[in-house]
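Counting from 1, the numbers follow the sequence of the chain as shown.
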Amino acid sequence: MKHLISRRNFLKAAGVTTAAAAMAVGAPAASACWTGEKSEVTILYTNDVHTYIDKQAPELTYAAIAALKQSYQNAGKKVLLVDAGDHVQGTAYGSMDQGASIIELMNAAGYDAATPGNHEFDYGMDRAKELMRDADFPYLSCNWVDLRTNLRVLPEIKVFVRGGVRIAFVGITTPETFTKSTPAYFMNKAQTKYIYDILGGEDGQKLYSAVQKAVDKAKCLADVVIGLGHLGVDPSSSPWTSEEVIAHTTGFDAFIDGHSHTVMENKQVADASGRLVTLTQTGSYFKNIGCMTINPESAVGTITTTLISTYEGADPVVDAIAKEWVADVDDMLGEEIAVGDGEFYISDAETGKRRIRSAETNLGDFVADGIYTYFNEVEQLHCDIAIMNGGGIRSDEDAGYWTFKTCKQVSPFGNVACLMSVTGKQIQDALEFGARFAGAEGKENGGFLQVAGATYEIHTDIPNTVQTDDKNVWIGSATGTPRVQNVKIYDRANGTYVPLDENKTYALAGMNYTLRNLGDGFAMFDGAELIKDYVSEDYLVMSTYAMTFGGVDAEGLPHLSSANSVLAEYPGYLLDYENPYGAGRISIL
């Protein structure tokens, strides 16, 4: 793909559909430096796009955003475009070139600033830094520090002057990045110590302090201070949510957020002084573009926000870049490899809410079975149990043709499968750690473990007593009665599930993310013996499993049903891909 050198100023304004009207909020501070006339400023914003670039108008795209920004400029308005993180990972369109085309699209669309989300680190620390250098816009983070120098890795703030108004953005990155990306990326090569930190603290004070220092600096330089954070509002992110950051600091006029995929047009949150701050987030996957308006000349000064859900215009240069890359990826991964006889879910089939991070689903079973089958049938190695973190399984799949792209959409991270010799105690610790939030209202966990070759119960009435550090990395077994009980491992020799023996050694398969790189905080496998490493990338493990199914039709394509799985030949093995909630391997009591 050719690198874009310049953009054409093009396209007239088109129809805009907005989600709802925004509310007026408190006035920005008066400028001590500017005495001239001030004019209205528009800030367009996105978050958690996750590389969903294969859309067409009136759905939102980078081409639509570029055209929308240009339409404001053509109308004589002062405009900025910013992003609150998680834009280089999510689909095959991001992972196939490790985010390069996404940065090219954002450059072409005219972004002015961004903050890194946790998924900006999914291709490794070196690649994250390379992508940020390739961006034509600055990345901001006040709490990502290099522990070797005690200096911030990125600028903490960026000040823009638009229409006589000085606007400062304060970048903030979630401390959850350690476990929701890969902790090993933040360590030295020997994985003996952290060389980077994303300041958080068990009580949030390190994060609040870093943010307050940045805000105080911004207040000296700007009229309006806006948080550009990837923090979210999920209870499981506490004490590092955007609402908590606002509540423990002073000086923000508004806060553009990401991470929790929340559609939040204009929520009023009181800061530490009691002053109301506008908090907003667009959702995810280009569901909306945010539009913030700063009006410094009104009677009190106002900041209003609205969410734009559709737009008819498209910048032709940006559109061409996206379509070329989408076509390239579709061509590379478009071969049909199987037919899904039914739907596979990460979501609850009834409510539509994301389920795979708190309970079993048929796609969770399928992906774990793929790892289990790969080692037992393809590699011809003995594997007792396979685990897969729910956060690594990304999309529902409808019935119909499956391609390599289908598998890449489900497993986009580029993690690789490995096999390790572990103790039953380590398996117990892993299941307990993954289940620590199960049953808690509003708390999901990307480390919730889907399993193959095993069953287990989660007793949600028993409190979580797993020991973790301030980064939510496992540091010790549960100190009380375990929540996870009655763990059983499938015995192929006799076709039954037998109780886990904590003193016995088992062959455990999974992705290197979980087993070797502390992904989601799984540190209990440290020191375990490696049997086989880096055998195949995640989506290829899944596609290989799909291609082993029977029921081959006239087109030569296998059909994905329980009866056609090679595992159906394992006597007594729990299989039920026809049930959205899986085969009953995980019981939540």
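- Rounding to the nearest 0.5 Å places OH of Tyr208 at 16.0 Å from NZ of Lys213.
- Gly229 approaches Thr115 most closely through the heavy-atom pair C-CG2, 4.1 Å.
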Subject >> Stepwise side chain to side chain donor-acceptor pair (under 3.5 Å) test for Asp83 and Thr46 >> reply: CA-CA 5 Å; Asp83 184 270; Thr46 53; 2.6 Å; yes
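- With respect to the salt-bridge test (charged N to carboxylate O, under 4.0 angstrom), the residues Lys267 and Asp257 do not qualify.
- A centroid separation of 6.0 Å or more is found between the aromatic rings of Tyr513 and Phe522.
- With 3.5 Å as the limit, one finds no donor-acceptor pair spanning the side chains of Thr479 and Gln467.
- Using modelled atom types, one side-chain atom of Arg436 and one backbone atom of Phe433 make a donor-acceptor pair closer than 3.5 Å.
- With rounding to the nearest 0.5 Å, the separation of CG in Leu279 from CZ in Phe252 is 10.5 Å.
- Gly414 and Glu537 make their closest contact through CA-OE2, 3.2 Å (heavy atoms, listed as atom of the first residue, atom of the second, distance).
- A side-chain donor-acceptor contact under 3.5 Å links Gln450 to the backbone of Ala359.
- Of the possible polar contacts, one joining the Thr351 side chain to the Lys353 backbone as a donor-acceptor pair under 3.5 Å is found.
- Ring centers of Phe286 and Tyr52: at least 6.0 Å apart, outside the cut-off.
- A distance-only check finds no donor-acceptor pair linking the side chain of Asn517 to the backbone of Ala184 [under 3.5 Å].
- Here Lys287 does not pair with Glu59 in a salt bridge; the nearest charged N to carboxylate O distance is not below 4.0 Å.
- Between atom CG of residue Asp86 and atom CG of residue Asp122 there is a gap of 8.0 Å, rounded to the nearest 0.5 Å.
- With hydrogens and angles ignored, the 3.5 Å screen pairs no side-chain donor or acceptor of Asp234 with any backbone N or O of Ser237.
- For the residue pair Leu154 and Pro116, the shortest heavy atom distance occurs at CD1-CG, 3.9 Å.
- Glu176 and His259 share a donor-acceptor pair across their side chains, judged by distance under 3.5 Å alone.
- Checking side-chain atoms of Ser260 against main-chain N and O of Val233 turns up a donor-acceptor pair under 3.5 Å.
- Between the side chains of Thr302 and Thr304, no donor N or O sits under 3.5 Å from an acceptor N or O.
- Distance alone, capped at 3.5 Å, is enough to place a donor-acceptor pair between the Arg355 side chain and the Glu360 backbone.
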Original post:
What's the verdict on side chain to side chain contact (heavy atoms under 4.5 Å, CB included) for Phe413 and Asp538, showing C-alpha distance, side-chain angles and the deciding distance?
Top reply: CA-CA 7 Å; Phe413 292 101; Asp538 45 16; 3.8 Å; yes
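- The CZ atom of Arg516 sits 12.5 Å away from atom CG of Asn415, with the distance rounded to the nearest 0.5 Å.
- Using a 4.5 Å heavy-atom threshold, the side chains of Leu147 and Tyr196 count as separate.
- Within the 3.5 Å criterion, the main-chain N or O of Ala438 finds no donor-acceptor partner in the side chain of Thr460.
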Subject >> Full working for side chain to side chain donor-acceptor pair (under 3.5 Å) between Ser395 and Glu397 >> reply: CA-CA 6 Å; Ser395 65; Glu397 292 302 331; 2.9 Å; yes
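- Between Asp146 and Arg148 there is a salt bridge, with a side-chain nitrogen of the basic residue lying less than 4.0 Å from a carboxylate oxygen of the acidic one.
- Interatomic distance, Asn445 CG to Asp520 CG, rounded to the nearest 0.5 Å: 6.5 Å.
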Subject >> Verdict with supporting geometry, Asp136 and Tyr111, side chain to side chain contact (heavy atoms under 4.5 Å, CB included) >> reply: CA-CA 8 Å; Asp136 292 342; Tyr111 274 82; over 6 Å; no
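- The two residues Ala168 and Val159 make their nearest non-hydrogen contact at CB-CG2, 3.9 Å.
- Separation of the Phe121 and Trp144 ring centroids falls under the 6.0 Å cut-off.
- Looking at Ser477 and Asp429, their side chains do bring a donor and an acceptor atom within 3.5 Å of each other.
- The number of heavy atoms from other shown groups lying within 6.0 Å of CG (Asp526) does not exceed 12.
- Counted within 6.0 Å of NZ on Lys471, heavy atoms from surrounding residues, nucleotides or ligands total more than 12; the atom is thus considered enclosed.
- Between the side chains of Asn118 and Glu120, no donor N or O sits under 3.5 Å from an acceptor N or O.
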Subject >> side chain to side chain contact (heavy atoms under 4.5 Å, CB included) between Arg394 and Ser411, intermediate numbers included >> reply: CA-CA 6 Å; Arg394 304 299 290 189; Ser411 297; over 6 Å; no
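- With no hydrogens or angles considered, no side-chain donor-acceptor pair links Gln409 and Thr406 at under 3.5 Å.
- Electrostatic pairing of Glu156 and Lys217 counts as a salt bridge here, judged by a charged N lying under 4.0 Å from a carboxylate O.
- Expressed to the nearest 0.5 Å, how far CD1 of Ile256 lies from OG1 of Thr282 amounts to 10.0 Å.
- Taking the six-membered ring for Trp and the full ring otherwise, the centers of Phe178 and Tyr194 sit less than 6.0 Å from each other.
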Original post:
Between Tyr539 and Ser95, does a side chain to side chain donor-acceptor pair (under 3.5 Å) hold up when you go through it step by step?
Top reply: CA-CA 11 Å; Tyr539 84 97; Ser95 59; over 6 Å; no
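- A donor-acceptor pair under 3.5 Å is formed between the side chain of Thr465 and the backbone N or O of Gly480.
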**OP:** Given side chain to side chain donor-acceptor pair (under 3.5 Å), test Ser209 with Gln212 step by step and report yes or no.
**Re:** CA-CA 5 Å; Ser209 176; Gln212 189 64 69; over 6 Å; no
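- Heavy atoms only, all atoms of each residue included: Tyr123 and Gly99 are closest at CE1-N, 3.8 Å.
- Checked against the 6.0 Å centroid criterion, the rings of His87 and His119 do not qualify as a close aromatic pair.
- Ionic pairing of Arg354 and Asp396 is not present here: no N-O contact between side-chain nitrogen and carboxylate oxygen is shorter than 4.0 angstrom.
- Using modelled atom types and a 3.5 Å distance limit, the side chains of Asp365 and Thr361 yield no donor-acceptor pair.
- At distances below 3.5 Å, not a single donor-acceptor pair connects side-chain atoms of Arg152 with backbone N or O atoms of Asn143.
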**OP:** Before giving the answer on side chain to side chain contact (heavy atoms under 4.5 Å, CB included), spell out for Leu199 and Val145 the whole-Å C-alpha distance, their side-chain angles and the decisive distance to 0.1 Å.
**Re:** CA-CA 8 Å; Leu199 301 174; Val145 299; 4.2 Å; yes
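- A donor atom on one side chain and an acceptor atom on the other are not found under 3.5 Å apart for Gln89 and Thr51.
- Judged by distance alone, the side chains of Ser141 and Thr173 do bring a donor and an acceptor atom under 3.5 Å apart.
- Annotation for Lys129: atom NZ counts as buried by contact number, over 12 foreign heavy atoms lying within 6.0 Å.
- When every heavy atom of Ile387 is checked against every heavy atom of Thr514, the shortest pair comes out as CD1-CG2, 4.2 Å.
- A salt bridge does not link Glu130 with Arg133: none of the charged nitrogens is closer than 4.0 Å to a carboxylate oxygen.
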